[in-house]
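Notes to accompany the following structure.
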Amino acid sequence: MKIALGFDHAGIKRKKLITDYLTENGFEYVDFGTYSEESCNYAEFGEKAAEAVKSGECDKGILVCGTGIGMSIVANKVPTIRCAHCTDVFSAKATRAHNDANMLAMGERITDEETMKEIVDAFLHTEFEGGRHLARIAKISEVENKYLK
Ligand code: RB5
């Protein structure tokens, strides 16, 4: 599985934690930046990673900024993206099982390193349950398509 990564200057300190986790656990990744601690706009890197998930270049995406909120907002503007902002392991599992989320956003200023690793692990190892959740996901796409017209 290939993971699209996006960070801003307020999230970049967690890049190594996440890339080490991915490598150790057999995931490939593409790093869409940012590449330094210089102040930047999270929207640029969130969009690039989301576009890679939308196009199929990557299977899932992980975004980190100061809060994770700006990253999740921009990713969710890209059609087909269901980006979940998570601060706990339960939400990370639930958003995969129920929402079939294809991107995860987290905040370096909110979530400690160990919890972040556990959230990533839960997100990448939980399958979508399907069943009754399929119709709910379909409704999300319906709403998205309505406003794309
Ligand atoms: C950067 O200061 C900060 O606003 C950004 O990382 C993020 O938290 C936005 O949602």
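These numbers come from the heavy atoms of this one structure, side chains and all, not from hydrogens, waters or symmetry mates. Counting begins at 1 with the first residue of the sequence. As the structure lists them, so they are numbered: ligands from 1, and atoms in each ligand from 1.
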Residue that, paired with Thr111, satisfies side-chain contact (heavy atoms from CB on, under 4.5 Å) out of Asp88, Val64, Thr67, Ile119 =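 Per the side-chain contact (heavy atoms from CB on, under 4.5 Å) rule, the option paired with Thr111 is Ile119, out of Asp88, Val64, Thr67, Ile119.
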
Between Phe27 and His125, does a ring pair (Phe, Tyr, Trp, His ring centres under 6.0 Å) hold up when you go through it step by step?
-> CA-CA 11 Å; Phe27 294 95; His125 289 104; 5.7 Å; yes

Report, in ascending order of atom number, the atoms of ligand 1 lying under 4.0 Å from any heavy atom of Gly66.
->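 Here the atoms of ligand 1 in question are 5 (C), 6 (O), 7 (C), 8 (O).
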
Can you sort out which atoms of ligand 1 are near Ala10, meaning under 4.0 Å from one of its heavy atoms?
->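 So the atoms of ligand 1 that pass are 6 (O).
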
OH (Tyr35) with more than 12 external heavy atoms under 6.0 Å |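 Yes, OH of Tyr35 has more than 12 neighbouring heavy atoms, counting only those of other groups under 6.0 Å.
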
Who gets closest to atom 10 (O) of ligand 1 by heavy atom: Ala43, Gly70, Ser72?
->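 The option holding the nearest heavy atom is Gly70.
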
From His85, Glu108, Met71, His9 - option closest to atom 1 (C) of ligand 1 by heavy atom =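 The nearest heavy atom belongs to His9.
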
Let me see the working for Glu37 and Lys13 under salt bridge (Lys or Arg N to Asp or Glu O under 4.0 Å), right down to the final yes or no.
-> CA-CA 8 Å; Glu37 290 187 32; Lys13 285 196 182 72; 3.5 Å; yes

Contact with ligand 1 for Arg109, non-hydrogen, under 4.0 angstrom |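 It does; at least one heavy atom falls under 4.0 Å.
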
Could Lys117 and Asp121 be called an ion pair, given the rule that one side-chain N must be under 4.0 Å from one carboxylate O?
->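 No.
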
Inspect the contact between Glu142 and Lys139 and indicate whether a charged nitrogen and a carboxylate oxygen are less than 4.0 angstrom apart.
->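 A salt bridge links Lys139 with Glu142.
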
Heavy atom of the protein closest to atom 5 (C) of ligand 1 (residue, atom name, distance) |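 The closest one turns out to be Asp8 OD2, 3.3 Å.
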
Minimum-distance protein heavy atom relative to atom 9 (C) of ligand 1 |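 Of the protein heavy atoms, Tyr42 CE2, 3.5 Å lies nearest.
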
With only distance considered, is Thr67 within less than 3.5 Å of ligand 1 through an N or O on each side?
->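 Yes - when backbone and side-chain N and O of Thr67 are compared with those of ligand 1, one distance drops under 3.5 Å.
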
What part of Cys65, side chain, backbone, both or neither, has a heavy atom within less than 4.0 angstrom of ligand 1?
->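 Answer for Cys65: both.
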
Dump the intermediate steps for side-chain hydrogen bond (donor to acceptor under 3.5 Å, both in side chains) on Thr23 and Asp20, then the final yes or no.
-> CA-CA 5 Å; Thr23 303; Asp20 282 355; 5.7 Å; no

